[in-house]
J.: 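Structure provided below as structure tokens; questions to follow.
Quick caveat: nothing in here was measured; it's all calculated off a predicted structure. Residue numbers begin at 1 in each chain, while the letters A, B, ... track the order of the sequences. For the numbers below, each heavy atom of this structure counts, side chains included, while hydrogens, waters and symmetry mates do not.
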There are 2 protein chains.
Amino acid sequence: MIVKEQIVNQAMLLFRQMGIRSVTMDMIAEQTGISKRTLYENFSNKDELVEACVMQEIESRKEQAKRILEGSSHIIETYILFMWDHINRLRGTSPLFIKDIQKLYPQSICKQTNEFNNRMRENMKQFIIMGIKDGVFRKEINPDIASILIFEQIKVLHVEGGFETSPLSMFSPAEVFEHISINFIRGISTSKGLELVDFYYSKHKMV
Amino acid sequence: MIVKEQIVNQAMLLFRQMGIRSVTMDMIAEQTGISKRTLYENFSNKDELVEACVMQEIESRKEQAKRILEGSSHIIETYILFMWDHINRLRGTSPLFIKDIQKLYPQSICKQTNEFNNRMRENMKQFIIMGIKDGVFRKEINPDIASILIFEQIKVLHVEGGFETSPLSMFSPAEVFEHISINFIRGISTSKGLELVDFYYSKHKMV
DNA sequence: AAAAAACTTTTATTGTTTAAAAAGTTTTTT
DNA sequence: AAAAAACTTTTTAAACAATAAAAGTTTTTT
């Protein structure tokens with residue numbers, strides 16, 4: 001079944017570039033170098049193919065998350081590493097990809113990503129609660145509000161009309177994301193937390 | 001021309017409660033206790049009346065801004081006072097009011113509010129630049145990105161579908177706004193800045 | 001002279017039709 | 001046996017028409 005993987009990989013290449021809506025099955029067949037018929041013998045419809053792509057993406061993220069958790073010694077280091085991981089993903093992916101999944105597939109496939117997102121938000125909330133207990137985040141912080149707000153801020157990157165409408169369009173999504181992430185964690189931090197943010201930020205600094 | 005003021009005041013009462021779209025001219029006439037004809041003799045159409053209301057609101061804000069600037073001894077105190085002023089306004093105004101102005105009147109009237117908003121964003125940018133020079137905000141901050149981001153965050157409060165769609169619906173706009181404002185300024189602050197935020201926040205603390 | 005009511009006009013929303021593009025299928029070719 | 005091409009069906013989006021609500025006007029009443 002190596003051909004199925006081939007198709008998923010080539011489709012992902014196109015999806016990442018142009019989103020899902022504007023990639024046709026003809027394009028995918030051509031890109032993979034197979035006929036449409038063969039394509040449909042492997043995936044009986046587009047949704048099935050998209051689902052396979054999304055699942056692959058989610059799996060990749062889960063594995064990466066596992067690696068990050070194993071490789072970090074403090075929750076703030078974890079946060080910084082997740083930030084860099086996401087920045088790298090943003091750099092290789094058109095905002096259309098995420099946007100299309102959310103707008104076009106709110107039922108079947110989005111179920112997977114929604115579960116994933118809800119788990120992420122819940123993780124973020126627990127992360128904040130842990131940080132407060134640990135004395136790195138301020139105790140005035142409401143973990144519910146704060147965990148929602150960080151994801152709402154990130155949504156700005158995937159806003160309707162791309163990004164072009166927004167005055168943020170002059171800056172790259174990756175740059176804005178870094179700004180948001182660092183400002184957010186510093187905003188909720190105590191002085192002890194800030195020291196750790198500075199420490200781990202310079203430890204993992206990238207260009 | 002006391003009757004004109006009467007109309008504006010009564011109309012504002014309704015607009016603040018239910019937005020602009022859902023308030024009819026009949027409702028305004030009834031609320032003011034005059035006939036529709038008299039209403040139209042004072043304002044030849046709804047847009048003119050809305051404009052008068054918006055101008056009154058802008059004037060009120062300008063005066064309040066002047067008072068705040070005069071009454072504060074440091075830019076961080078200014079920021080905290082503006083925050084409380086806005087929280088008080090939010091408490092008395094339905095999100096529909098701002099939403100309707102932005103969605104319904106993007107041309108003539110919105111010109112006024114857009115100018116006002118652009119000036120606010122520019123002020124915010126200058127505020128951040130001053131803060132960096134003064135050593136209260138971090139020098140890594142990009143004043144353009146940061147000034148846009150704070151307004152984008154505030155937009156979450158006026159998002160399409162009210163607020164009801166958003167997971168933030170369980171919290172009051174005022175509460176969320178305070179969270180956003182404090183997190184933002186702490187996020188961009190140096191340790192010197194944080195001390196001042198703490199100082200002025202407790203100085204002006206409200207319930 | 002202004003309120004109340006009855007009226008006309010505009011605007012905004014809703015549903016319907018139509019046309020194009022892409023999904024999905026079948027036939028033909030190599 | 002799979003690619004290429006030709007085909008049919010579905011979806012989507014745009015254009016248009018019908019409707020209802022509110023804007024705006026005129027007439028009638030107090």
J.: Do side-chain atoms of B/T38 reach the backbone of B/I34 as a donor and acceptor pair under 3.5 angstrom?
T.: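 The answer is no, because no donor-acceptor pair under 3.5 Å joins these two groups.
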J.: Which label fits A/F137 and A/F127: parallel for a plane angle under 30°, tilted from 30 to 60°, or perpendicular past 60°?
T.: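 It falls in the perpendicular class, over 60°.
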J.: For A/I20 and D/dT11, what is the distance between atoms CD1 and P respectively, to the nearest whole Å?
T.: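 So the CD1-P distance, A/I20 to D/dT11, works out to 18 Å.
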J.: What is the first contacted nucleotide of DNA chain C and what is the last, in 5' to 3' order, if contact means an atom lying under 4.0 angstrom from a heavy atom of chain B?
T.: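 Answer, 5' to 3': C/dA2 to C/dT13.
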J.: Give a yes-or-no answer on whether the side chains of A/E48 and A/Y40 include a donor-acceptor pair shorter than 3.5 Å.
T.: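 Checked: A/E48/A/Y40 side chains show no N/O donor-acceptor pair below 3.5 Å.
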J.: Please check if any side-chain donor atom of B/E152 sits under 3.5 Å from a side-chain acceptor atom of A/Q153, or the reverse.
T.: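 Their side chains do not contain a donor-acceptor pair, so the 3.5 Å distance test is not met.
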J.: Would you please indicate if the ring centroids of A/Y79 and A/Y200 are separated by under 6.0 Å?
T.: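 No, too far apart.
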J.: Taking pairing as Watson-Crick or G-U wobble with both contacts under 3.5 Å, can you name the mate of D/dT30, or confirm there isn't one?
T.: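 Pair assignment: D/dT30 / C/dA1.
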J.: Strictly by Watson-Crick or wobble contacts shorter than 3.5 Å, is anything paired with D/dT19, and which nucleotide is it?
T.: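 For D/dT19, the partner nucleotide comes out as C/dA12, under the 3.5 Å rule.
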J.: Could you check which nucleotide pairs with C/dA21 in any of the strands shown, counting Watson-Crick or G-U wobble with both distances under 3.5 Å?
T.: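 Its partner is D/dT10 (Watson-Crick or G-U wobble, both distances under 3.5 Å).
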J.: Count the heavy atoms belonging to other residues, nucleotides or ligands that lie under 6.0 Å from CD of A/E175, then report whether that count exceeds 12.
T.: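 Yes, CD of A/E175 has more than 12 neighbouring heavy atoms, counting only those of other groups under 6.0 Å.
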J.: More 5' along DNA chain D: B/V23 or A/T38, using each one's nearest nucleotide?
T.: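 By nearest-heavy-atom nucleotide position, the 5'-most residue is A/T38.
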J.: Both B/G33 and B/K36 contact DNA chain C. Which one's nearest nucleotide lies toward the 5' end?
T.: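 Looking at the nearest nucleotide for each, B/G33 comes out on the 5' side.
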